[in-house]
Structure formats: structure tokens, C-alpha cells
There are 2 protein chains.
Amino acid sequence: MSGIRALQKEKTRRQLIDAALGQLSSERSFSSLSLREVAKEAGLAPTSFYRHFSDMDELGLTLVDEAGLTLRQLMRQARQRIDKGGSVIQISVRTFMEFIESNGNIFRLLLRERSGTSKAFRAAVNREISYFTLELCDYLQQANKLDAEVAYLQANAAVTIVFSAGSDALDCDKKDLAALAQRTIKQLRFIARGAFEIGVGNKNRSEQRSSSAKDETK
Amino acid sequence: MSGIRALQKEKTRRQLIDAALGQLSSERSFSSLSLREVAKEAGLAPTSFYRHFSDMDELGLTLVDEAGLTLRQLMRQARQRIDKGGSVIQISVRTFMEFIESNGNIFRLLLRERSGTSKAFRAAVNREISYFTLELCDYLQQANKLDAEVAYLQANAAVTIVFSAGSDALDCDKKDLAALAQRTIKQLRFIARGAFEIGVGNKNRSEQRSSSAKDETK
DNA sequence: AAAAATAGCGTACATGTGTACACCGAAATA
DNA sequence: TATTTCGGTGTACACATGTACGCTATTTTT
């Protein structure tokens, strides 16, 4: 089993994946792609598609996995930048915006399939997003010594806000992007500040009240 | 012009609209509907469709308008309840959850087309949502004496959170709905509290700091 | 009462779809 | 070396789609 065959198979499988990704755009969703189109774009006969995926759905789920991977790589990148110092929120938002600028179609895929017509797709996307959220949650919990529930709620809200901003960014004039990012940053600060104030109140009522958040609200 | 003709036309136009709405479901999006299906469901010959809409897109935009109407009616309903006293956030979330339970498919339409493949659709949905947001913004501004920008940011963030919760609710077991609502309420409180604290800091730095929000964070 | 307008129908057609099937040639296995 | 496996091809079919066109019956206008 030299693998020259398996190797070639892997390669054309990638061609299919890339062909699908390549066809995505603001006016083309995954569900609007046909098997034939994808196969043709990949330089294959339609029926050859079946040698790699039993279904367009199977391809789609693969794409979602791929997108999740990109998402986690994004997080790693943000972490690196943060470790070099700077405002966590600011850097995170900037990193996310850059991500969207260069991976718009992958992000679109996640956004669309999250509310799409296939339960499996929705579940897959939500799984990826929940990984993302949980990582942020961990970070918040240990960096800010937050209550577990508060940290989760904050992480979840923050991800929601950022994704929504990402969605807006996709239809945004480039000139308005910076302003959008600024608004998003302020909203994240609301959440962080609120979580801090309320979180403190939870375990330690009416003491240390206004000792100004050390996580950044400013 | 007695209008017996125009009347009948209006009626079958409604049949088309209702037919389309009726076909929407968790596994059926508007863009996956065909003109023929809708016409058949409405009891019409396919080609008769054109007497009322030039396009499926035109029908779709009509549906979005319809959905926006329902959304505003929702807001009115929430207002009435709020005026009768009670926690604004709690009542708003409950009202919204009820809305979703009985108008799931309309809400799905908004969610999906907001990130859909038609720029016109996306714009239409965003327009409706922005009405919704602006009304909330007005309310916050005058009820809580908030800075205009802060009020807008809070309203926008709150709507985002609530819509996202609504989206989750659509795929939720009924038994988990109450917990989801509780989490959403807490998140909205984070935002309200943060907006208050930071908003106050903005115009009146470091004074009146922890005079406990009169808008509700508790 | 005559003429014009129009909502709805049926037929027809070109186009795109998923996929079943038989086949080929090269790689893998025996 | 002989045999099997398997990625890829081309043909073929049934089906659904959007929509152009002409017709009818009834309402509306003249």
C-alpha cells in the first residue's frame, strides 16, 4: 500500500471542498450549490462526486468542520496578540474583523447554516460556536476570577455580539468598518462591566462595590 | 368600479402569502420554496402566480414586511404589559419568547433572510430590525435618562441578544425554554448595568458611582 | 349594449437536477 | 504475473423548475 492512490484521492477530495468554498459568496449559499456545479468546478464528472461524499450534505458538514477549525485558529491568533499586551477586548474585536475580511465566505457559511434547514447543520455550527464560547469562558473565569455562571453568560453574550457585528461587517462599506468595530467594543465593555458589577455583588453583596473593574471596561 | 374584482384579487393574493407562510418550517426556508409549490398550495395554476407577483422575490419581500408588522405588534403588546407594572426586562423576554412560540416560522424567515443570498432581503430585514431597535432606544433614553449613544448601543446589543436567544429557542426542548429565558434575562441585566455604569461615568466622572441603577439590573 | 380589461387556466418547452448503470485503466493485492 | 479493487468517465432517465403563449369567462368601462 504505497498510497499513491489514497494520496490522489485525498487531493481530489480537497478539490471538491475548495470548489465548494470557492463558489460561496454573498449571493450564493451552500444550500444553493448543486452537486453538478461543485463537481464541474472541481474538474470532475458529476458522478465522480459520489466517490468522496455520499451527499451534498456530507460535503457541507465537512465544510462546517473546516470553518470551525479556522475559527479556533483565529482564537489562537488573538491569544498570541493579547499575550503581547494590550486591551483584550480591542484586540479580540480587531482580530475578528480581520478574520472576516479575509474569510468572509467561511463566516457566511456558519451564519447561514446556523439558521438553515438542516438540523444536523445547525447542530454542527452550534457545536463549533460553543467550543469558541467555552474557550472564552475559561479565559474570563481565570483571568477575571469570575463566578462560573457569570463567566459563561458573559462569554456567550460576547460571542453573540461579536458574531452579530461580524454579520453586519459583511454588508458594510469599508469606510464604516472602523466605526462598527468601535461600537462593538463599547458594547462588549457594557457586558464586561455589568458582569463584573453583578458578579461581585453575587458572592459579596454590597462591599468592594465600586472598586473599578480590573478587567477592562475602560 | 364596485371592486368585486379588486376584492377577489386581494383575496387570492392573501392566499398566496398564506400559502408561502404555511410552507415555512424548521426544514423549509423561503428560498427553498418554488413558485409552483406556492401556487399549488394556494390552489392556483402556476402561471396565475404572475398576476400577483412578478417574482418569488417580490413575494418574499412582502413576507418580510408582514413579519416586520408582526414584530411591531409584539412590541406594542410588551409595552402594554410593562405599563401594568413589572420588570421591563423580564416582561420583554417573556413576551418575545411567547411570540416565538406562536410565530416561529415568521421569526425563522427574518433570521434566515437576514444572512441570505439576496441583498434586497437582507436590507429589508435589517430595516425592520432597526425600527425595532430604535423604538427600544427611545424608550431607554427617556426612561433611563441615558446618553443618546449609550442608549443606542444598549438597545442594539439587547436586540442582538434577544434575537439570538430566540434563535436558540427555536431548536430548544420545551423544558429548557425557561432556563434559556433566565439566562437571557441575566445577560440583558449585564448590558443594562454596564451601560448605566459607563454611561454615568461618561457625563459625570466618578461621582454618584454606585448609586444602584434605577433601571433594573437586579 | 358593445368594447376593453383582466384574473385564472392549460399546454408546451428548454433547462438544470440527482443518480443509476456499465465501463475503463491504473494501482493494489495475491 | 494474475486478479482484484477502485477513482473517474459518459450515457441515460425521470423529474421539477420558471415562464412564454393563447384562450376563456367575467367584470369593468365606454
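Computed from a prediction, not measured in an experiment: that's the story for all the values here. In what follows, chains carry the letters A, B, and so on, assigned in the order in which the sequence lines appear, proteins first and then strands, with residues in each chain numbered from 1.
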Partner set under ring pair (Phe, Tyr, Trp, His ring centres under 6.0 Å) for Tyr152(A), not counting sequence neighbours: none
How close or far is atom [atom2] of [N] from atom [atom1] of [X], stated in whole angstroms?
X: Gln15(A); N: dG7(D); atom1: CD; atom2: C1'; result: 12 Å
X: Phe49(A); N: dT9(D); atom1: CZ; atom2: P; result: 14 Å
X: Leu7(A); N: dG8(D); atom1: CG; atom2: C1'; result: 17 Å
X: Arg51(A); N: dA22(C); atom1: CZ; atom2: P; result: 13 Å
X: Ile4(A); N: dG8(D); atom1: CD1; atom2: P; result: 13 Å
X: Leu16(A); N: dG8(D); atom1: CG; atom2: P; result: 8 Å
X: Leu44(A); N: dT19(C); atom1: CG; atom2: P; result: 16 Å
X: Lys9(A); N: dG8(D); atom1: NZ; atom2: C1'; result: 11 Å

Between the base of dC6(D) and the side chain of Arg5(A), is one N or O donor paired with an acceptor at under 3.5 angstrom? yes
Heavy-atom contacts, protein to nucleotides 14-19 of chain D, under 4.0 Å, summarised as B (base), S (sugar-phosphate only) or - (none) per nt, yield ---BBB
List in chain and number order the residues that pass side-chain hydrogen bond (donor to acceptor under 3.5 Å, both in side chains) with Thr62(B), two or more places apart in sequence or in another chain; answer none if no residue qualifies. none
Electrostatic pair Glu101(A):Lys174(A) at N-O distance under 4.0 angstrom: yes
Can you list the residues that meet the salt bridge (Lys or Arg N to Asp or Glu O under 4.0 Å) rule with [X], with sequence neighbours excluded?
X: Arg13(B); result: none
X: Arg36(B); result: none
X: Glu37(B); result: Arg28(B)

